[in-house]
Amino acid sequence: MTDHQQLPEGLPVPEDDGGAAHLTGFRLPSVALPTTAGRIVDLSTLSGRWVVYAYPRTGEPGKDSPPGWNEIPGARGCTPQSCSFRDHHADLAALGAGVFGLSTQSSAYQREAVERLHLPFEILSDEEFRLTEALGLPTFETSGMRLLKRLTLILDDGQVTKVFYPVFPPDRSAEDVLEWLRAQPA
């Protein structure tokens with residue numbers, strides 16, 4: 001069985017394919033997304049600074065990842081990335097940043113991960129690809145699934161201020177965001 005908590009050695013490093021180059025400065029359109037807390041959030045209406053980390057999919061305990069998952073650059077590491085944002089949540093809040101995770105999995109699927117990993121923030125579900133399409137977020141396909149490529153957006157009052165893409169290694173994602181936030185106060 002796959003240990004979703006650990007990153008294996010020798011994962012392929014994703015390269016910047018330009019898939020997120022258009023996002024810096026982008027004003028978010030109005031797209032309402034369900035969260036793991038059972039509410040609806042429209043990122044375009046949020047005031048203040050927000051970190052939205054997008055990831056392909058969290059693994060399921062006791063189940064293997066899709067075939068070839070570790071060979072897809074940037075695919076592996078959703079659980080360690082989420083845990084990095086969990087572990088640095090107070091540091092991010094101290095810098096005035098709220099956090100959301102984002103994937104194309106259903107809220108029901110995501111709720112299990114939020115509970116199991118004790119995440120202190122909500123995960124947004126873009127199961128219908130409405131935000132993905134509206135922003136032109138980079139995706140990939142495997143095992144019959146269309147999934148988001150891993151990236152992190154810094155939003156200020158509904159506008160993209162900074163894009164981290166590609167994100168690697170994923171377990172350092174929150175630390176990379178913190179470093180940038182400390183250098184770029186809101």
Side-chain angles (χ1 to χ4, degrees), residues 2-29 31 33 43 49-60 64-88 92 97 99-105 110 113 117 123-156 159-184:
T2 302
D3 179 1
H4 301 292
Q5 299 276 349
Q6 301 298 319
L7 290 174
E9 300 267 334
L11 288 175
V13 178
E15 294 183 19
D16 188 345
D17 60 5
H22 64 285
L23 292 170
T24 302
F26 200 97
R27 167 118 348 244
L28 270 65
V31 177
L33 298 174
L43 294 171
R49 181 163 274 179
W50 291 87
V51 175
V52 179
Y53 72 96
Y55 60 90
R57 63 185 299 277
T58 54
E60 296 176 84
D64 284 328
S65 296
W69 190 248
N70 288 355
E71 288 75 44
I72 301 168
R76 181 72 186 269
C78 302
T79 297
Q81 183 183 23
S82 292
C83 290
S84 80
F85 279 100
R86 175 199 65 203
D87 296 346
H88 292 289
L92 291 161
V99 177
F100 285 108
L102 171 70
S103 80
T104 56
Q105 295 167 295
Q110 294 168 333
L117 301 174
I123 306 293
L124 300 163
S125 173
D126 193 17
E127 188 175 18
E128 297 174 2
F129 298 93
R130 291 179 302 143
L131 185 66
T132 299
E133 294 296 329
L135 292 179
L137 297 178
T139 62
F140 68 98
E141 293 189 19
T142 186
S143 301
M145 297 177 287
R146 181 179 177 209
L147 303 168
L148 290 168
K149 289 187 177 181
R150 188 180 316 281
L151 61 91
T152 302
L153 304 174
I154 307 296
L155 308 178
D156 285 300
Q159 185 168 356
V160 179
T161 304
K162 170 72 175 165
V163 180
F164 294 85
Y165 179 81
V167 171
F168 193 85
D171 59 347
R172 267 202 47 87
S173 185
E175 292 172 41
D176 293 339
V177 168
L178 277 168
E179 184 178 311
W180 187 87
L181 290 174
R182 287 182 181 121
Q184 306 290 327

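Heavy-atom neighbours of Glu179 CD from other residues, nucleotides or ligands within 6.0 Å: at or below the threshold of 12.
Two residues are said to be in side-chain contact when any heavy atoms from C-beta on lie closer than 4.5 Å; Ile72 and Phe140 meet this criterion. Contact of the Phe85 side chain with the Val177 side chain is registered, since non-hydrogen atoms from C-beta on lie closer than 4.5 Å. A 4.5 Å side-chain heavy-atom check between Pro170 and Ser84 finds every atom pair outside the cut-off. Taking the side chain as every heavy atom from C-beta outward, Phe100 and Leu33 never approach each other to under 4.5 Å. Counting heavy atoms from C-beta outward, Leu117 and Cys83 have side chains that approach closer than 4.5 Å. Looking only at side-chain heavy atoms (C-beta outward), Asp17 and Tyr165 come within less than 4.5 Å of each other. Inter-residue side-chain proximity for Ser103 and Gln110 is flagged as met; some heavy-atom pair is nearer than 4.5 Å. The closest side-chain heavy-atom distance from Gln184 to Lys162 is not below 4.5 Å.
Gln159 places a side-chain N or O within donor-acceptor distance of the main-chain N or O of Gly25, the cut-off being under 3.5 Å. At least one donor-acceptor pair closer than 3.5 Å links the side chain of Ser125 to the backbone N or O of Gln105. One N or O on the side chain of Asp126 and one on the backbone of Arg130 form a donor-acceptor pair closer than 3.5 Å. Using modelled atom types, no side-chain atom of Gln81 and backbone atom of Ser173 make a donor-acceptor pair closer than 3.5 Å.
Residue Thr104 holds its OG1 atom at 5.0 Å from CG of Leu148, rounded to the nearest 0.5 Å. Leu92 contributes atom CG, which lies 4.5 Å from atom CG of Leu178 (distance to the nearest 0.5 angstrom). Between atom CG of residue Leu135 and atom NE2 of residue His22 there is a gap of 6.5 Å, rounded to the nearest 0.5 Å. Annotation: the span from Leu147 atom CG to Thr139 atom OG1 amounts to 8.5 Å, rounded to 0.5 Å. Going from atom CG of Asp171 over to atom CG of Asp176 covers 9.5 Å, rounded to the nearest 0.5 Å. Within the model, atoms CG of Leu28 and CG of Leu43 stand 6.0 Å from one another, a figure rounded to the nearest 0.5 Å.
Across Ser143 and Pro67, no two heavy atoms sit closer than the pair OG-CD, 3.5 Å. Here the shortest heavy-atom pairing between Met145 and Arg57 reads SD-NE, 3.8 Å. In terms of heavy atoms, Thr161 sits closest to Thr24 at O-CG2, 3.7 Å. Taking both residues in full, the closest heavy atoms of Leu151 and Leu137 are given as CD2-CD2, 4.3 Å, listed atom of the first, atom of the second, then distance.
For the side chain to side chain contact (heavy atoms under 4.5 Å, CB included) criterion with Arg150, the lone passing option out of Tyr53, Tyr55, Phe164 is Tyr55.
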Between Leu153 and Leu102, does a side chain to side chain contact (heavy atoms under 4.5 Å, CB included) hold up when you go through it step by step?
-> CA-CA 10 Å; Leu153 304 174; Leu102 171 70; over 6 Å; no
